[in-house]
Amino acid sequence: MTRIVFTGLWICAITVLSSFAVIAWMPDLPKPKAEEYLEGLTYQKLRPLNIPIIADGAVQGYILATIIFTAEAQLIKGAGVTPAPFVMDESFRQIYEDTDLDFRSLKKYNIDKRLDEIKRRVNERLGSEVVKDVMVENFNFVTKKDIRS
């Protein structure tokens with residue numbers, strides 16, 4: 001009986017000592033690499049804008065626009081504010097205030113000029129060149145009579 005107890009204690013002692021030795025003399029394990037942040041541009045799609053078109057003192061219809069912008073990923077990550085609300089606000093303002101948009105007499109429209117102006121004003125409001133490009137995914141006009149009540 002003493003022999004069995006002594007053997008059990010011996011096995012426990014060897015297990016504890018070998019575990020301690022492995023931990024104490026183990027070479028340094030490679031540390032997990034910090035996840036590297038991919039620098040470059042990031043695309044952000046804004047929710048659709050519904051912009052009323054007012055002419056002759058009444059709402060003539062609505063422009064439905066979906067805007068996408070690219071921005072420096074590193075600047076967005078480091079900034080305390082995202083440029084998305086600024087791009088959305090400036091897009092609404094630019095389209096709403098544009099007197100060249102007349103859907104009663106259609107003609108070619110210089111959308112590049114408008115998008116460049118949105119980019120310039122957003123960057124001006126943010127105080128740095130965060131937004132690199134502004135693009136249009138969808139741009140439709142729906143007349144007031146085509147809207148279902």
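When a residue number appears, it is its place in the shown sequence, counting from 1. Given the structure is predicted, the values throughout are model-derived calculations rather than measurements.
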Y96 versus P52, closest heavy-atom pair with distance: CD1-O, 3.4 Å
Give the minimum heavy-atom separation between E72 and E129, together with the two atoms involved. CG-O, 4.4 Å
Looking at K113 and E117, is any side-chain nitrogen of the basic one under 4.0 Å from a carboxylate oxygen of the acidic one? no
Heavy atoms of other groups near Y62 OH, more than 12 under 6.0 Å: no
With a 4.5 Å cut-off on side-chain heavy-atom distances among I, L, V, M, F, W and Y, is there a chain of contacts connecting Y43 to I118? no
Hey, are D89 and R93 close enough for a salt bridge, meaning a charged N less than 4.0 Å from a carboxylate O? yes
Hphob cluster co-occupancy, V16 + L9, side-chain heavy atoms under 4.5 angstrom: no
Would you call D98 and R114 a salt bridge, taking side-chain N to carboxylate O under 4.0 Å as the test? yes
Can you tell which of I68, V131, V87, T82 makes a side-chain contact (heavy atoms from CB on, under 4.5 Å) with Q44? T82
Any side-chain heavy-atom pair of D133 and F69 under 4.5 Å: no
Against V134, only a single residue in R120, K119, E90 fulfils side-chain contact (heavy atoms from CB on, under 4.5 Å); can you say which? K119
Let me see the working for I4 and F6 under side chain to side chain contact (heavy atoms under 4.5 Å, CB included), right down to the final yes or no. CA-CA 5 Å; I4 293 175; F6 181 69; over 6 Å; no
If you measure from CZ on F86 to CZ on R121, what distance do you get to the nearest 0.5 Å? 15.0 Å
For the pair N138 (side chain) and A65 (backbone), establish whether a donor and an acceptor sit closer than 3.5 Å, ignoring hydrogens and angles. no
Might you work through the side chain to side chain contact (heavy atoms under 4.5 Å, CB included) test for N123 and V130, ending with a clear yes or no? CA-CA 6 Å; N123 286 333; V130 177; 4.2 Å; yes
Only one of V122, L49, V136 clears side-chain contact (heavy atoms from CB on, under 4.5 Å) with S91; which? L49
Starting at OG1 of T66, measure out to CE of M135 and round the result to the nearest 0.5 Å. 12.5 Å
Regarding D112 and N110, is there a side-chain donor-to-acceptor distance under 3.5 Å anywhere? no
Does NZ belonging to K132 count more than 12 external heavy atoms closer than 6.0 Å? yes
Quick check: closest heavy atoms across F141 and Q60, and the distance to 0.1 Å? CZ-O, 4.0 Å
Side-chain donor/acceptor of T42 to backbone N/O of A71, under 3.5 Å: no
Measuring from I53:CD1 to I51:CD1, what's the distance to the nearest 0.5 Å? 7.0 Å
